[in-house]
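In what follows, a single structure is set out as structure tokens and then discussed.
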Amino acid sequence: MSDDRKLTYAQAFNEAVSQMMEADPDVFCAGEDIGAFGGVFGTFAGLQAKFGEKRVVDTPISEQAIVGLGVGASVTGLRPIVDLMFMDFICVAFDQIVNQAAKLKYMFGGDATLPMTITTAGGGGLSAAAQHSQSLEALLCHIPGLKVVMPSNPYDMKGLMISCIKENNPTVMIKHKRLLGMSAPVPTEAYGIPLGKGNIIRPGKDVTIVAYARMANEAIIAAKELAEEGIDCEIIDPRTLQPLDTDLIVDSAKKTNRVVVAQEAVRFGGLGAEIASQIQELAFDYLDAPVSRIGAPFSPVPFSPALESHYIPDAKSIVKGVRDVMARR
Amino acid sequence: MDFSSAKQFDLHRRMVRIRLFEEAAGRLAESNKLPGFLHLYVGEEAVASGVCGALNDDDHITSTHRGHGHLVAKGGDFNRMMAELMGKSTGYCKGKGGSMHISDTSLGMLGANGIVGAGSPIAVGAAFANKYRGKGQVAVAFFGDGSTNIGAFHEAANMACALHLPIVFACENNEYGEFTPRDKTMAITDVVDRAAGYGMPGVIVDGMDVIAVHEAAVEAVERARQGGGPSMIEAKTYRFYNHHGVQNLGLKYRSDEEVAIWKQRDPIFTFEDRMIENGVATRANFDDIWAELRADIETAIQFAEDSPYPTPDQIMVNVYTSMTGAN
Ligand SMILES: Cc1ncc(C[n+]2csc(CCOP(=O)(O)OP(=O)(O)O)c2C)c(N)n1
Ligand SMILES: [Mg+2]
């Protein structure tokens with residue numbers, strides 16, 4: 001098969017799971033509607049037909065028990081992939097994620113290994129309202145013991161998902177709902193992208209945009225528009241949010257001297273705040289402007305498209321953010 | 001129990017209102033006029049109608065993602081409902097909630113809910129407040145079969161019984177949670193078997209028979225009102241449309257035959273036949289009712305279409321209640 005074979009973001013996820021299940025009989029999947037139906041977003045399509053009901057399990061609507069299943073099965077030697085349909089539902093399972101999965105190893109003095117992956121889908125833009133549209137990654141990144149990835153494209157999706165499955169710690173793979181249909185070349189062989197390694201999506205010299213998941217794609221659109229105004233943007237996609245590739249971000253900040261961080265989540269207390277803070281701690285003397293943060297207003301995600309379209313940050317918000325940062329002398 | 005002809009017409013009217021609202025919503029969704037998810041209640045009308053027909057205006061209900069039927073049955077206004085589904089500022093939630101969060105606290109309808117199982121604990125809270133105030137109000141938690149697999153349901157059931165609260169747990173068992181059949185996710189056939197584990201009585205009723213549902217509801221609601229504590233009703237029912245939207249998406253998870261068999265037991269048409277047979281109504285009565293309510297729906301659609309969208313400055317409004325009393 002040729003190297004430029006294309007897969008969608010959803011298919012790239014599926015292929016990663018499929019290849020890891022082929023490679024390791026201890027890998028299994030469990031979640032709501034993922035079996036015969038293939039998952040409500042189609043990301044598990046065909047896996048039950050291929051691997052059987054033993055390894056692709058339709059669970060009851062029981063988020064707490066689904067994550068608990070992952071904790072218990074991983075600590076006793078399997079390598080579970082447990083799915084929480086919408087990211088908003090992590091709240092239902094938060095004890096198992098935060099107090100159990102993330103901490104068993106530490107609390108047991110190292111005497112526990114949890115090679116489990118929690119997969120879920122985040123983000124808005126589908127008029128799915130306040131309980132089906134959230135970006136809650138900051139809550140997860142705040143918890144020592146968890147690793148968190150948010151891929152922005154099909155290539156990264158496959159590589160990061162494979163690394164999550166191989167990882168010997170609890171990881172959370174957050175798919176963005178609006179990227180599921182995004183199509184791009186994806187190698188057929190199994191490959192990993194190291195967790196904690198960011199990516200320079202676009203090199204540039206005037207300003208750094210740090211953006212992940214859907215916002216990385218919005219940053220690409222913004223950079224094109226800004227290039228026409230003579231502003232050369234460097235785009236950094238951290239890909240993994242915990243652990244964060246601080247070196248890559250700080251090096252870029254030292255080079256461009258101006259940084260905009262873009263997230264879809266509510267701005268207050270988000271990843272952008274952490275990234276901005278790291279930059280000012282490690283590159284204060286290089287900065288020509290305060291690090292700017294793009295994010296959603298401090299409100300739940302509204303239902304009406306008339307509100308949601310203004311609520312969710314996009315390329316336009318990034319363009320504005322960059323112009324403001326460039327205007328600082 | 002014998003119900004007056006007025007009561008029978010009342011229950012019938014609630015069901016027809018739900019059916020017409022839902023079918024209109026389905027048509028609008030198909031022509032891409034409704035944003036977001038849409039979980040239709042068509043087929044299950046007898047449950048919400050039979051139960052809400054046993055409630056007073058100041059009793060409370062909590063609902064599910066499939067919530068329009070509950071609001072309609074509790075007396076919801078078509079105009080404000082339709083406007084909400086379209087995301088307009090004149091909607092019940094000013095366009096902020098949509099289908100999955102439709103609510104009217106003045107009717108005691110404490111919201112549809114996007115989180116499966118989340119309504120039942122809230123009903124427990126409403127029942128607690130009702131007992132606390134001592135004015136004889138009750139609360140009803142509507143919930144699906146699938147939601148009884150989530151912890152919140154069990155905590156709610158247990159707490160309601162432990163505190164002996166005036167509450168009715170009303171299960172809509174339509175045999176599926178999304179696209180997965182009940183027997184894949186539960187080792188029991190009857191959800192009501194769970195009731196005994198918490199110490200409350202439970203009954204199974206034919207959820208396609210509004211009289212059967214109503215009879216059970218009257219008994220359960222009266223028990224709660226008189227201080228007899230919680231009980232559970234399991235209504236065996238069926239949704240005629242897909243989990244969300246109108247058509248089956250992709251994979252077939254229910255057979256055409258199964259759907260057809262349930263449709264023969266349409267709760268509205270079978271009830272109309274019975275009312276005619278019993279000499280309570282004539283076909284002409286029903287024609288008039290459908291025509292009148294159809295006109296209401298057309299008015300509601302027009303109202304919603306003519307209504308403005310909320311303006312972006314509304315995004316930050318209603319996040320908190322202000323301490324000055326302003327909203
Ligand atoms: C906590 C949570 N998990 C999963 C979902 C996704 N979901 C929405 S409806 C539904 C099925 C609910 O089944 P049931 O309670 O039987 O209600 P029905 O749809 O059959 O009326 C699921 C799994 C959700 N909204 N919330
Ligand atoms: Mg159900």
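Here is the naming used below: chain letters follow the sequence lines, and residue numbers restart at 1 for every chain.
One finds the CZ atom of A:F303 at 6.5 Å from the CG atom of B:L85 (value rounded to the nearest 0.5 Å). B:K94 NZ to A:L307 CG: the interatomic distance, rounded to the nearest 0.5 Å, is 11.5 Å. Rounding to the nearest 0.5 angstrom, the gap separating the OG atom in A:S127 from the CG atom in B:L38 is 12.5 Å. Rounding to the nearest 0.5 Å places OG of A:S304 at 11.5 Å from CE of B:M86.
Contacts between A:F86 and chain B at a heavy-atom distance below 4.5 Å involve the side chain alone, from C-beta outward. Interface residue A:F89: only side-chain heavy atoms are found under 4.5 Å from chain B. Of the atoms belonging to B:L34, not a single heavy atom falls under 4.5 Å from chain A. Contact of A:L126 with chain B is made through the backbone alone, with heavy-atom distances under 4.5 Å. Residue contact with chain A, scored on non-hydrogen atoms closer than 4.5 Å, involves the backbone and the side chain of B:N113 alike. Looking at B:S89, neither its backbone nor its side chain comes within 4.5 Å of chain A, counting heavy atoms on both sides. Both the backbone and the side chain of A:A128 come within contact range of chain B, with heavy atoms under 4.5 Å apart.
For chain A, the option among B:D313, B:T311, B:I115 with the highest count of heavy-atom pairs below 4.5 Å is B:I115. Among A:A45, A:A65, A:S62, A:P302, the residue making the largest number of heavy-atom pairs under 4.5 Å with chain B is A:S62. In terms of heavy-atom pairs under 4.5 Å with chain B, the best-connected choice from A:G42, A:S299, A:A306 is A:S299. Interface summary for chain B: among A:E32, A:Q64, A:H132, the most heavy-atom pairs under 4.5 angstrom belong to A:H132. Most heavy-atom pairs under 4.5 Å with chain A: of the set B:N149, B:V319, B:T148, this distinction falls to B:N149.
When all heavy atoms of A:I61 and B:S147 are compared, the closest pair comes out as CD1-N, 4.4 Å. Nearest heavy-atom pair, B:H101 versus A:A130, reported as atom, atom and distance to 0.1 Å: NE2-N, 4.2 Å.
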Evaluation steps, side-chain contact (heavy atoms from CB on, under 4.5 Å), between A:V40 and B:F179 = CA-CA 9 Å; A:V40 296; B:F179 313 98; 3.9 Å; yes
Applying side-chain contact (heavy atoms from CB on, under 4.5 Å), run through B:K184 and A:E53 and close with a yes or a no.
-> CA-CA 11 Å; B:K184 282 225 182 274; A:E53 290 190 25; 3.5 Å; yes
Please lay out, stage by stage, how B:M100 and A:Q131 fare under the test side-chain contact (heavy atoms from CB on, under 4.5 Å).
-> CA-CA 9 Å; B:M100 261 193 300; A:Q131 295 172 341; over 6 Å; no
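When the shell of 6.0 Å around NZ of A:K103 is examined, it contains more than 12 heavy atoms from other residues, nucleotides or ligands. In this structure, B:M159 places its CE atom where only 12 or fewer heavy-atom neighbours from other residues, nucleotides or ligands lie under 6.0 Å away.
For B:T180 and A:D33, the side-chain atoms include at least one donor-acceptor pair closer than 3.5 Å.
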